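A short worksheet on the structure shown next.
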2 protein chains.
Amino acid sequence: MEQNVIDASGLLAISTRLQRLSDQIRKDGLLIYKAFGIDFQPKWFPVLYTLYKKSTMSVVSLSDEIGYAHPSTISLLKELEKEKLIRSKKDKVDTRKRLIELTEKGTTLLSAMEPVWEVIIKATADITNTQNNLMKAINEVEAGLKEKTFLQRAEVYIKK
Amino acid sequence: MEQNVIDASGLLAISTRLQRLSDQIRKDGLLIYKAFGIDFQPKWFPVLYTLYKKSTMSVVSLSDEIGYAHPSTISLLKELEKEKLIRSKKDKVDTRKRLIELTEKGTTLLSAMEPVWEVIIKATADITNTQNNLMKAINEVEAGLKEKTFLQRAEVYIKK
DNA sequence: CAAATATACGTAGTCAGCTACATATATCAC
DNA sequence: GTGATATATGTAGCTGACTACGTATATTTG
């Protein structure tokens with residue numbers, strides 16, 4: 001355990017560690033979809049899954065829902081439109097808004113994916129069900145940060 | 001708790017969640033350095049800290065140590081060289097190798113940072129010491145993935 | 001109801017990592 | 001000691017998120 005310098009530095013490199021783990025999981029996620037012969041990219045998940053559950057949404061409300069900055073969502077939407085998985089139309093009441101929804105192709109794909117998700121959920125549960133549950137830890141940390149940022153917490157120690 | 005669709009989807013969006021948390025911590029990290037009036041970027045940490053602890057290393061061994069692909073390390077090294085925090089020289093025994101080390105400026109900076117790290121360690125401990133410890137969870141998950149990848153675990157459920 | 005402000009969407013460019021590929025030098029097998 | 005292979009470094013370009021900024025439409029305020 002903890003052979004290299006960075007691991008030994010522990011908390012200091014936490015951001016790096018999180019990113020590395022995120023990348024690794026994303027890449028394996030892609031492989032699982034491929035194993036099922038499904039043309040689906042992990043990065044599409046938040047947008048498509050939200051549309052699947054909530055049908056029609058505007059760009060900004062969708063972004064808020066998935067926790068992305070809206071330009072990130074827009075570039076995903078462009079990609080998904082090219083794949084013909086979603087389409088959009090103007091909101092007649094508020095013409096600034098663009099309402100996004102799944103196409104039939106999109107809905108079909110998402111339904112076909114349900115069994116894949118089950119596999120992913122099981123595999124992830126398998127991995128994260130260790131002494132310290134990763135998902136719960138993330139939730140707890142995010143909740144903590146919402147209450148008081150990292151910087152604010154550090155300031156307590158700086159100022160003394 | 002768990003108000004939006006993505007949070008409710010839990011495990012499926014784990015990669016996204018990890019990345020978001022990583023970004024957030026990195027940004028706050030930068031602010032902490034600024035609060036100390038130190039010109040230091042969080043992304044420099046792995047390279048500089050490793051050189052601080054191990055003095056001289058080649059590009060590839062440094063990359064292995066910090067867990068980066070070597071081109072990532074090279075671009076960091078370019079930046080650090082411009083900042084005059086590191087320098088490099090050819091290995092006389094194996095002329096393919098480029099040996100990297102901290103300059104005096106680099107060593108001075110790193111020494112000056114020790115108190116900042118202490119603050120960061122305390123603040124991070126503050127955040128991560130919840131019911132499920134994030135660092136421990138990451139360690140456990142990485143150890144688990146080393147043993148058996150995400151894909152291999154998923155295959156068990158696919159094949160049945 | 002006109003001016004100020006807020007909201008919705010879009011584009012451009014940044015960032016911190018990556019992969020793929022190229023080249024030079026070492027090492028190994030015979 | 002030469003040919004095949006492995007290792008060390010480097011360049012180019014990708015990725016998936018971001019911020020900054022601009023424009024158009026709604027909403028609020030005096």
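A quick note: this is a predicted structure, and the numbers were derived from the prediction, not measured. Atom set for the values below is all heavy atoms of this structure, side chains included, hydrogens, waters and symmetry mates excluded. Protein chains get the first letters and strands the later ones, always in sequence-line order, with residue 1 at the start of each.
- Donor-acceptor pairing under 3.5 Å is lacking for the side chains of B/Thr108 and B/Ser111.
- Rounded to whole Å, atom C1' of C/dA16 lies 15 Å from atom NZ of B/Lys78.
- Within 6.0 Å of atom CD in B/Glu114, more than 12 heavy atoms from other residues, nucleotides or ligands are found, so the atom counts as buried in its surroundings.
- Out of D/dT9, D/dA26, C/dG17, the shortest distance to the side chain of A/Thr95 is found at D/dA26.
- Each of B/Trp44 and B/Val93 was assigned the nucleotide of DNA chain C with the nearest heavy atom; the assignment lying further toward the 5' end belongs to B/Trp44.
- Judged by distance alone with a 3.5 Å cut-off, no donor-acceptor contact links the side chain of B/Arg98 to the base of D/dT9.
- Among D/dT11, D/dT9, D/dT19, the nucleotide with an atom closest to any side-chain atom of B/Lys27 is D/dT19.
- For B/Asp23, the side-chain atoms get nearest to D/dC18 when compared with the rest of D/dC18, D/dA12, D/dA8.
- Listed nucleotides: C/dT7, D/dC18, D/dT9. Nearest to the side chain of A/Arg96: C/dT7.
- Rounding to whole angstrom units, CD of residue B/Glu79 and P of C/dT14 are separated by 14 Å.
- In this structure a side-chain-to-backbone donor-acceptor pair under 3.5 Å is present from A/Glu140 to B/Gln131.
- Separating the NE2 atom of A/His70 from the C1' atom of D/dG22 is a distance of 11 Å, rounded to the nearest angstrom.
- A donor-acceptor contact shorter than 3.5 Å links the side chain of B/Lys105 to the backbone of B/Glu83.
- Taking every side-chain heavy atom of A/Val59 into account, C/dC9 is the closest of C/dC9, D/dA8, D/dT11.
- Picking from C/dG17, D/dT9, D/dG16 the nucleotide with the shortest atom distance to the side chain of B/Ile74 gives D/dT9.
- Taking every side-chain heavy atom of A/Gln19 into account, C/dG17 is the closest of D/dT11, C/dG17, D/dA17.
- In this entry the distance linking CG of A/Leu30 with P of C/dC18 reads 17 Å, nearest Å.
- Rounded to a whole Å, the CD1 atom of B/Ile25 is 21 Å from the P atom of C/dC15.
- Projected onto DNA chain D by closest heavy-atom contact, A/Ala69 and B/Lys97 fall at different nucleotides, the more 5' of which corresponds to B/Lys97.
- Under 4.0 angstrom from either OP1 or OP2 of D/dA17 there lies no side-chain N or O belonging to B/Arg26.
- Distance B/Arg17 CZ to D/dG16 P: 20 Å, rounded to the nearest Å.
- Comparing D/dT19, C/dA16, D/dT9 against the side chain of B/Gln41 picks out C/dA16 as the nearest.
- A salt bridge between B/Lys54 and B/Glu65 is present, with a side-chain N of the basic residue lying under 4.0 Å from a carboxylate O of the acidic one.
- Between A/Arg20 and the phosphate of C/dC18, there is no side-chain N or O to OP1/OP2 separation shorter than 4.0 Å.
- Residue A/Asp91 contributes atom CG, which lies 17 Å from atom P of C/dT7 at whole-angstrom precision.
- One interatomic measurement links the two molecules: NZ of A/Lys90 to P of C/dA8, which rounds to 14 Å at whole-angstrom precision.
- The side chain of B/Tyr68 lies closest to C/dC18, out of D/dA26, D/dT9, C/dC18.
- Between A/Ser72 and B/Leu77, the residue whose closest nucleotide on DNA chain D is further toward the 5' end is B/Leu77.
- Taking the six-membered ring for Trp and thresholds of 30 and 60 degrees, A/Phe40 and A/Trp44 have ring planes more than 60 degrees apart, a perpendicular arrangement.
- Using a 4.0 Å cut-off, no side-chain N or O of B/Ser58 falls inside it from OP1 or OP2 of D/dA8.
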